[in-house]
Every structure is written in C-alpha cells, then in structure tokens.
Asker: 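Questions regarding the structure given below will be posed in turn.
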Amino acid sequence: MYSGAASAAGPPRRDFISVSLGPEEAVGVSGYNNSKAWRRRSCWRKWKQLSRLQRSVILFLFAFLAVCGVISYASMGEAWKSITNKSFGDHRTEQEIPRLKLANPAVLPAPQKADVNHGDYPELSLQKPPRPPHVHRGPFNLQIKAPRRDMRLKTRHDTVRAVEELVEADKVEKTEKSVISWRGAVIEPDQNTEPPSSKIMEPEKPSSVEAEDQKEPVPINERQLAVIEAFRHAWKGYKNFAWGHDELKPLSKSYSEWFGLGLTLIDALDTLWILGLKEEFEEARKWVANDLVFDKNVDVNLFESTIRILGGLLSTYHLSGDSLFLEKAKDIGNRLMPAFKTPSKIPYSDVNIGRGTAHPPRWTSDSTVAEVTSIQLEFRELSRLTGDEKFQKAVDEVMKHVHTLSGKNDGLVPMFINTNSGQFTHLGVYTLGARADSYYEYLLKQWIQGGKKENELLEDYMRAIEGVKKHLLQRSEPKKLTFVGELAHGHFSAKMDHLVCFLPGTLALGAHNGLAADHMKLAETLIETCYQMYAQVETGLSPEIVHFNLHAQKGHKDVEIKPADRHNLLRPETVESLFYMYRFTGDKKYQDWGWEILQNFNRYTRVPTGGYTSINNVQNPSNPEPRDKMESFFLGETLKYMFLLFSDDIDLINLDKYIFNTEAHPLPIWVPA
Ligand code: DMJ
C-alpha cells in the first residue's frame with residue numbers, strides 16, 4: 001500500500017525495505033532460487049501484494065492462534081503438575097517417595113499403584129484417544145479419561161466421535177480401575193466406595209441383617225449349644241452378683257468397677273444377639289435404656305471405652321436396628337472427644353466423660369501406640385452414622401500423622417508416642433504384643449472398612465508384615481514352630497505374648513481380601529504355634545506370655561513359661577484366629593482345636609455358682625489358682641468367636657460385609673464385597 005505512493009512532500013516514500021537486486025539476487029528473478037534470502041523476499045513481496053483487509057485478517061488469525069496456544073500450554077502444564085504431585089492421594093513429600101521405594105527393595109518392594117482419580121483432567125484426553133485396556137503406558141489419567149465438561153463440539157461428526165470416545169473411555173476406565181499390586185497379589189479397590197476422608201453428607205442407616213434372615217436358618221449344632229450353655233452360665237453369675245457393674249468377681253460373688261459403666265453388659269450385648277438369647281438381650285436393653293448414664297465424673301481410658309463401649313453399642317445398633325444404641329453411642333462418642341485436644345492431636349489416654357477434660361497418665365505425657373491407632377474403626381463408623389465428620393477427622397489425623405513418623409523399623413512401630421511432640425518415644429523396642437498389637441490389626445481393618453481405597457493404610461500394613469518377617473520370626477525347637485518374638489535394641493527375644501495370636505486371623509483376613517498368598521501360609525504356621533501354646537501346657541490353656549526354646553534340649557518342649565507369666569485371663573486371640581482360619585479354609589481341625597480350648601475353659605475356669613474366672617497358674621491342673629475375675633472380653637469376644645467358629649453358616653456375620661473391631665464387635669464394611 002505504502003510502497004511507491006507519491007508524496008507531495010518529497011520523493012516517494014519507501015516503506016519497510018527497498019528491494020534492489022544485486023547480481024546474485026537477479027539470478028532468482030528469472031530462474032528458481034531456493035536461497036533463504038530469496039524466499040524471504042519473495043514472501044514479503046506476496047505479503048505486500050495483499051490488500052490491507054487481507055493482511056489484517058491474516059494478522060488477526062495469527063494472533064488468535066498464538067493466544068490459543070498459550071492457553072492450552074498453561075492448562076496442560078497444570079494438569080501434568082497435578083498428575084505428578086497426586087500420587088494416589090499420597091501425603092508423602094517428593095523427597096520421601098523415592099526413599100520409601102528404595103528402602104530395602106529386596107525385602108519390601110513398593111506397591112505398584114496405577115491410576116487414582118480419573119476425573120481430574122478432562123481436557124487432556126481430547127488430545128489423545130484412549131488406548132486399548134491392556135496398554136499401560138504413561139499415567140492412566142492421560143489416556144483414559146474422556147472429556148466431560150470442556151469439550152467443544154462443533155460439527156455432527158465431532159459429536160459422534162466424542163461420544164464414541166466417551167463410551168470407549170468408560171470401558172477402559174472400568175477395566176483399569178485402581179489396581180494395587182503387591183508381590184503378585186492384585187487388589188482391586190471397589191470403585192463405588194467413597195474415600196472415607198471425603199465429606200460426610202448423609203447419616204447412614206444401620207446395616208441390615210434382614211437379607212440374612214430371609215434365607216433358611218442354619219440349625220445350631222452341638223458345639224454351638226455348648227457355647228450358649230457356657231455363655232448362660234457366665235451370664236447367670238454376672239446377673240446375680242454384678243448386674244450393671246463392670247466385671248464379675250465370681251468367687252466372691254461380687255463385682256469390680258473400672259469405669260462404672262456396666263462394661264460386661266455392654267460388651268456382651270451383640271453376643272447375646274448373635275447367640276439368639278432374646279430374653280437376656282431384652283433385659284440388658286432395659287438396663288441400657290434406664291440405667292446407662294455417661295454423665296459421670298469418672299476417668300475412662302479412651303481406647304478401652306472406645307473398643308468395648310462405643311464399639312459394642314454401634315454393633316448392637318447394626319444388628320438390632322434399635323436406635324437406642326446409636327443414641328448412646330453418640331453420647332459416649334461426644335464425651336470422648338476432649339481426648340484429642342492435645343498439642344500434637346495424638347489423644348491422651350484418659351478422659352473424664354462427665355467433666356469433658358482429658359489427660360495422660362500421671363507419670364508420663366506418652367500415649368500407647370496401639371491405643372491411639374485402634375479407635376479408628378469405631379469413630380469413623382460413628383461419623384458415617386451421624387453425618388458428623390468430627391469423629392472421623394480426629395482419628396484420621398492420628399493415622400496420617402503416624403504414617404509420616406520416623407522411628408519405625410521396616411514398618412514396625414515403637415510402643416509409645418508423645419502427646420506433646422507427636423513423636424515416638426522409647427525407640428528401639430518392637431513387638432506385635434501388648435502396646436503395639438492392634439496398630440497392625442487396624443491398618444488392615446480400616447483399609448477394608450473404607451472399601452480398600454486408603455492406600456497409605458495398606459502400604460503401612462504390608463510394610464509391617466515384611467518387617468515382622470524380617471525381624472521377628474524365628475523357629476523353635478524341637479517342633480520348629482514359627483513364632484513372633486520381640487526386638488529390643490537389636491537383640492532378639494524369643495518371647496511371645498498370647499495377644500500376638502490375633503495375627504494369624506488378621507493375616508488370613510488380608511489374604512482373603514486379595515493380599516499376598518504367603519500371608520495365608522504364614523497365618524497357617526502361626527495358628528499352629530498359637531494352638532501349641534495351649535496344647536503344650538498342663539491345663540491345655542495358654543499362659544499370658546511364653547518363651548520359645550531356640551535350641552533343642554532334652555526333655556524340653558518348645559514352650560517355656562516364666563512364673564510371672566503363667567496366668568490366663570480368658571483371652572480371645574487364639575479362638576479369634578481359629579474362627580478366621582476355619583471360615584477361610586473350611587479345615588475342621590480349627591474347630592476341633594477350639595473345641596478343646598472350650599472344654600479346658602470349662603474344666604479349669606468355670607465357677608459352679610455362675611461365671612468363669614481368670615486363673616493364676618495354667619501349669620497346675622489340680623490348682624489353677626482362680627483369680628476371682630471374669631473379664632468383659634470373655635463374653636464380648638471369647639465366647640462369641642467360639643460360637644462363630646463352630647458355625648457352618650458363613651452368613652452369620654459374613655466377613656465380606658462386616659469387619660470386627662478389636663473387641664469382636666462387628667461393624668459394617670462400607671461397601672460390602
Ligand atoms: C481386648 O480388650 C481386645 O482384644 C484388645 O485388642 C486386646 N486385649 C483384650 C483381649 O485380650
């Protein structure tokens with residue numbers, strides 16, 4: 001336009017550049033010249049030949065494309081950042097992830113996880129069509145998520161193609177749902193389960209046992225009848241001498257108080273229901289309705305009252321559908337909440353449920369690791385039922401915190417944690433027994449309760465079991481029983497608490513839920529050991545603690561018992577594991593072993609006037625030295641697990657629908673298998 005235009009003011013104005021052809025350039029005029037300079041000038045000439053309007057349109061198009069380019073680059077960058085940061089809802093820092101993966105790879109491979117949240121990156125999938133389901137390259141999110149909101153459909157053809165992509169992507173999504181694999185075991189989390197950390201919107205109804213009621217009832221067998229008889233006998237003692245109090249003292253025909261909250265009665269409620277003792281249940285219900293009062297100036301232990309009282313009330317609510325139990329559960333749940341008001345949010349061990357104050361034990365500001373990590377199933381369920389997320393938030397925070405703590409040894413945790421600093425204390429001692437036991441149990445059980453989605457829990461559980469295998473397993477002489485010992489500052493001790501006998505059952509439950517098959521093998525070996533802890537003892541009852549012989553000595557059995565450890569508190573752990581083993585294998589020897597144990601309880605711990613008692617000496621059949629105390633867990637756990645062990649009805653508390661808390665109170669799995 002400007003070039004060559006005449007001006008009155010002077011010579012014609014030459015805009016931009018003048019084109020004067022030198023000898024070399026001139027070559028190009030007549031013939032083909034592919035030099036850069038020539039091409040540039042030729043383009044320029046063409047450009048100059050365009051009308052002003054044409055040039056404006058082209059410039060506008062360029063500018064528009066440039067803007068589009070910048071926008072899509074920025075959004076891709078964002079999406080990529082979220083993909084790389086997300087890592088399965090992982091709360092670890094970038095630096096921690098490689099460290100965890102590298103930690104002793106031979107022993108502990110990191111779980112391979114694929115895909116988490118398909119829903120976050122809609123625009124990217126427009127650029128890449130979905131791959132066939134078997135192709136696993138790159139982050140799944142990039143490959144399979146179809147666009148949902150930002151899709152711009154311009155033509156009919158575009159629409160059809162996009163719909164096809166959506167259908168295909170949905171197919172892929174279904175096939176490639178979150179998969180965690182661990183040593184060959186593939187675990188497929190349930191896609192319908194809401195992650196438990198998500199906001200709780202609607203209170204839940206009780207899980208119903210109606211479906212189970214609809215099918216033909218499986219008749220109760222002889223052994224189950226024997227359990228009912230034992231339970232009735234125990235109940236008779238409790239009713240006559242300790243009604244409404246915490247524990248029966250069957251010899252002195254009196255009672256002892258711990259919290260003054262009718263502990264045995266509450267612990268036994270769901271057992272009454274499961275055993276079908278309707279009359280007794282109704283009587284107990286009346287007491288709960290009329291006499292159970294939590295507004296009391298009394299210190300209770302957070303863990304014990306959670307697993308026995310809160311757990312017992314929640315499971316009874318689920319089994320019976322009676323809202324009285326939920327109301328009571330809410331009441332105690334709220335009264336326990338002050339325990340979490342600590343500098344670290346690791347709860348104090350004791351709460352005054354009347355005053356709303358909490359404190360650690362007098363001599364320390366530490367809490368026990370098993371205690372603060374074994375209240376989660378109950379508080380999470382309370383949130384689900386009430387729609388109030390505060391309960392779950394408090395206990396989830398504890399788990400998240402413990403997950404990040406240092407001081408573990410290949411997943412094994414120390415026994416104490418400080419409520420001020422939030423750090424483990426008394427480092428270097430590792431056990432699966434007292435003060436640590438149910439930490440491991442609840443890792444697995446929370447994972448199952450929440451629909452197998454909370455990968456940190458699974459990770460910690462799998463790591464811990466590898467830690468057990470690496471540091472705590474040994475074989476005894478002469479029978480070469482595999483047992484779980486303890487580690488204290490690098491020194492192995494061949495000591496095993498009876499409490500550890502929860503482990504075979506937990507391992508079997510994990511294997512049933514898709515975890516490594518070698519967990520089941522280990523469970524089978526360990527339950528044999530737990531059984532031997534009974535069978536090798538004079539009364540056929542296990543002591544509280546055994547020491548295993550590591551070296552063969554003439555006349556010595558595998559199991560040695562120290563005088564201070566030879567008591568039996570009517571504990572449930574071995575029958576609990578027998579129950580799981582029978583459910584998952586159908587091997588009747590587990591029922592037979594349980595039957596032997598029941599008979600020995602009857603022989604050595606039954607008090608003729610009603611009730612059963614702990615004993616001081618399992619090695620003396622002629623005088624087992626009764627202690628005059630029936631622990632509440634004998635009715636809450638031991639007899640309940642016996643009854644379930646002898647049952648051939650897998651729907652009697654179906655393990656794909658319910659998860660037992662550590663006091664044997666069944667709570668629903670949020671999305672049953
Ligand atoms: C119960 O209160 C629970 O099983 C707890 O986890 C461990 N101790 C007793 C039973 O032995």
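As the structure is a computational prediction, the values presented were derived from the model and not from experiment. Just so you know, ligand 1 is whichever comes first in the structure, and atom 1 is the first atom listed for that ligand.
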Asker: For ligand 1, which atoms sit closer than 4.0 Å to a heavy atom of Leu499?
Answerer: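 Counting atoms of ligand 1 from 1, those under 4.0 Å from Leu499 are 7 (C), 8 (N), 11 (O).
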Asker: For ligand 1, note which part of Arg308 has a heavy atom under 4.0 Å away: side chain, backbone, both or neither.
Answerer: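 Side chain only.
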Asker: Give the intermediate values and the outcome of salt bridge (charged side-chain N to carboxylate O under 4.0 Å, His left out) for residues Lys400 and Glu454.
Answerer: CA-CA 11 Å; Lys400 289 211 171 86; Glu454 297 148 285; over 6 Å; no
Asker: Which atoms of ligand 1 sit under 4.0 Å from any heavy atom of Ile307?
Answerer: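 Contacts of ligand 1 toward Ile307, numbered from 1: 2 (O).
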Asker: Could you grab the distance from atom CZ of Phe584 to atom CZ of Phe579, nearest 0.5 Å is fine?
Answerer: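 Rounded to the nearest 0.5 Å, the CZ-CZ separation comes out at 7.5 Å.
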Asker: Considering heavy atoms of the protein only, find what lies nearest to atom 10 (C) of ligand 1 and give residue, atom and distance to 0.1 Å.
Answerer: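 So the nearest neighbour among protein heavy atoms is Glu573 OE2, 3.2 Å.
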Asker: May I ask you to decide if the ring planes of Phe492 and Phe483 are parallel, tilted or perpendicular, using 30° and 60° as cut-offs?
Answerer: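 Phe492 vs Phe483 ring planes: tilted.
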Asker: Identify whether the distance between the nearest side-chain nitrogen and carboxylate oxygen of Glu381 and Arg384 falls below 4.0 Å.
Answerer: yes
Asker: Strictly by modelled atom types, are Thr574 and His498 linked by a side-chain donor-acceptor pair under 3.5 Å?
Answerer: yes
Asker: Can Asn418 and Ser365 be said to form a side-chain hydrogen bond (donor to acceptor under 3.5 Å, both in side chains), step by step?
Answerer: CA-CA 6 Å; Asn418 191 272; Ser365 53; 3.1 Å; yes
Asker: If we count only N and O atoms by modelled type, under 3.5 Å, do the side chains of Thr539 and Arg603 hold a donor and an acceptor together?
Answerer: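 Short answer, no.
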Asker: Can you tell whether the side chains of Glu280 and Lys239 come within less than 4.0 Å, N to carboxylate O?
Answerer: no
Asker: Among all protein heavy atoms, pick out the one at the shortest distance from atom 8 (N) of ligand 1; state its residue, atom name and that distance to 0.1 Å.
Answerer: Arg571 NH1, 3.5 Å
Asker: Polar-atom distance check: Glu637 versus ligand 1, any N or O pair below 3.5 Å?
Answerer: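 It does: an N or O of Glu637 is found under 3.5 Å from an N or O of ligand 1.
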Asker: Mind checking whether His498 has a heavy atom under 4.0 Å from ligand 1?
Answerer: no
Asker: As an exercise, identify every atom of ligand 1 less than 4.0 angstrom from a heavy atom of Pro572.
Answerer: 10 (C), 11 (O)
Asker: Regarding His471 and Asp410, is there a side-chain donor-to-acceptor distance under 3.5 Å anywhere?
Answerer: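 Yes, a side-chain donor-acceptor pair sits under 3.5 Å.
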Asker: Considering only heavy atoms, does Leu569 approach ligand 1 within less than 4.0 Å through its side chain, its backbone, both, or neither?
Answerer: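 Leu569 to ligand 1: no contact under 4.0 Å from either part.
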Asker: Which residue owns the protein heavy atom closest to atom 4 (O) of ligand 1, what's the atom, and how far is it?
Answerer: Thr662 O, 2.7 Å
Asker: Ignoring angles and geometry beyond distance, decide whether Glu441 reaches within less than 3.5 Å of ligand 1 through its nitrogen or oxygen atoms.
Answerer: no
Asker: Report yes if some N/O of Ser438 lies less than 3.5 Å from some N/O of ligand 1; otherwise report no.
Answerer: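 N/O-N/O distance below 3.5 Å does not exist for this pair.
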Asker: Which residue owns the protein heavy atom closest to atom 2 (O) of ligand 1, what's the atom, and how far is it?
Answerer: Glu663 OE1, 2.6 Å
